[in-house]
Amino acid sequence: MYTFNPGPSAVYPEVRNYLTAAYDEGWLSAPHRGERFTGLMRQTIEELKKKLNIPQDYTVFFLSSATECWEVLAQSLTPTKSFHLYSGAFGEKWYEYAKALRPACTGYPFGIDEVPDVAALPLPDDEVDMVCITQNETSNATQLRDGFILNLYNRLGGALLAVDATSSLGGVQLKYIKADVWFASVQKCFGLPAGLGLMVLSPRAVARFRQINERSHYNSLTAQYEKMLNYQTTHTPNVLGIYLLYRVLQDRQPIKTVHQHLLDRATKLYDYFDQATQLKPLVQNPETRSTTVIGLQGPPQLIDDVKRRALQLGLQLGNGYGNWKPTSLRIANFPAIPDAAFEQLVQFFAKEYA
Ligand SMILES: *Cc1c(COP(=O)(O)O)cnc(C)c1O
């Protein structure tokens, strides 16, 4: 059985051994103020920076989910309002969470085949604290490329740029220096069980939240920062999740290699579905197609039929999301899914739906 669900997604088979090791090595009862745990935190952050090419002067925090990251950013880095560019359900949800805390927030929706024209955006606006984008929109299988992010970064004025990279961080080589905040959760491109989020912050973002100094919540960034100076957290952390992340990172190739592998697989799949089959890529514009989530579209009956028959062969495809649910399906192209799974998948389509 292979799952192509884009989250929670396939975990690495090695996770089974890591779990046993976590138990045997006593991590499950390790005191989180003790040296053993703080050593693990330090090594995990070192390994993360090394394997993913995160600049040394960036700060890493562990949270519980990407959703928590959305809320913390509104609390601790958005005294007035944020500006949200979105094309799909996750970007829109982020906007809604932010608006619930800061009603002055504004949103700018765009289409799935569209690269927004940065010069035409209502920016800079001196009142905007943060510009928010979703690098990989998991719901509709779109992606914002480096060039767009760079253009946006150059037009920020005093605002920070925050990037939801939940379904690409760990799979795609991101240009961390071209934004101030990046975040993800581990059940997507890290091939791990859910329950751990991570946030990566530029020196500029750290200086900003320290200056704002918001302290009303257990997860306020200032409080997290003060604890993290000693590799600790404000609360009892997900020690198991952090341990699993450490193990998975140790066994990983550098991000450059991982990225190239995913890119090759995505290119093959898009080429295939552009030509031969009854289903078509959901996203028409090659410039806005995601590397890590491939969306396919077709009539509802065909979509149902494909999912059902694939499942009979042990291939679990991801459902469409939100508005796209009846007329699309999604295929995660995450690092933990083996090449053999994709070979079976293409054979299935070639045989049944050519
Ligand atoms: C999955 C996902 C989220 C939500 O992640 P949680 O860990 O469930 O909070 C947010 N944004 C994007 C782009 C996602 O793919």
Side-chain angles (χ1 to χ4, degrees), residues 3-11 60-75 82 84-101 107 109-110 112 130-145 148-149 161-172 174 179 181-200 219 237-238 240-242 244-245 248 262 266 282-283 288-295 317-325 328-337:
T3 179
F4 296 91
N5 215 11
S9 56
V11 299
V60 176
F61 292 145
F62 293 111
L63 294 91
S64 63
S65 66
T67 305
E68 189 187 1
C69 294
W70 291 340
E71 193 156 282
V72 165
L73 292 174
Q75 283 168 192
S82 44
H84 297 253
L85 273 155
Y86 60 90
S87 74
F90 285 106
E92 188 174 9
K93 261 195 211 172
W94 183 3
Y95 172 40
E96 276 158 14
Y97 275 94
K99 211 163 40 171
L101 290 176
F110 60 96
I112 64 170
M130 188 180 307
V131 174
C132 301
I133 57 172
T134 305
Q135 195 269 343
N136 200 71
E137 179 49 83
T138 322
S139 69
N140 59 23
T142 59
Q143 198 170 81
L144 293 167
R145 305 268 191 256
F148 171 80
I149 298 178
L161 180 58
V163 186
D164 181 340
T166 305
S167 56
S168 52
L169 206 157
V172 169
L174 299 166
V181 183
W182 301 83
F183 57 88
S185 37
V186 297
Q187 75 274 19
K188 309 271 168 89
C189 282
F190 289 95
L192 291 173
L196 188 69
L198 39 105
M199 190 188 280
V200 177
N219 54 9
N238 181 350
L240 175 62
I242 294 167
L244 294 175
L245 179 61
V248 103
L262 297 191
L282 173 59
V283 181
T288 63
R289 285 177 178 170
S290 165
T291 324
T292 54
V293 182
I294 290 48
L317 301 171
N319 290 328
Y321 195 98
N323 296 341
W324 296 107
K325 194 168 170 117
S328 74
L329 57 83
R330 294 175 302 158
I331 300 169
N333 177 29
F334 293 164
I337 307 170

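What's counted below: heavy atoms across the whole structure, side chains too, no hydrogens, waters or symmetry copies. We count ligands from 1, going down the list as the structure has it; atoms in each ligand are counted the same way.
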Inset, instruction - For residues N140 and G88, report the shortest heavy-atom separation together with the two atoms involved. - result: ND2-CA, 3.5 Å
Inset, instruction - Taking atom OH of Y97 as the centre, report whether more than 12 heavy atoms of other residues, nucleotides or ligands fall under 6.0 Å from it. - result: no
Legend entry - Donor on one side chain, acceptor on other, Q135 and S168, under 3.5 Å: yes
Inset, instruction - Kindly tell me which protein residues have any non-hydrogen atom under 4.0 angstrom away from an atom of ligand 1, grouped by chain and ordered by number? - result: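 Only S65, A66, T67, W70, F90, T134, N136, T138, D164, T166, S167, S185, Q187, K188 have heavy atoms that fall under 4.0 Å of ligand 1, ordered by chain and number.
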Inset, instruction - Not counting sequence neighbours, which residues clear side-chain contact (heavy atoms from CB on, under 4.5 Å) with N5? List them please. - result: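 N5: side-chain contact (heavy atoms from CB on, under 4.5 Å) contacts with T3.
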Inset, instruction - Hey, could you give me the CZ/OG1 distance between R145 and T291, rounded to the nearest 0.5 Å? - result: 5.5 Å
Legend entry - Point-to-point distance, once rounded to the nearest 0.5 Å, from OG1 of T142 to CZ of F110: 6.5 Å
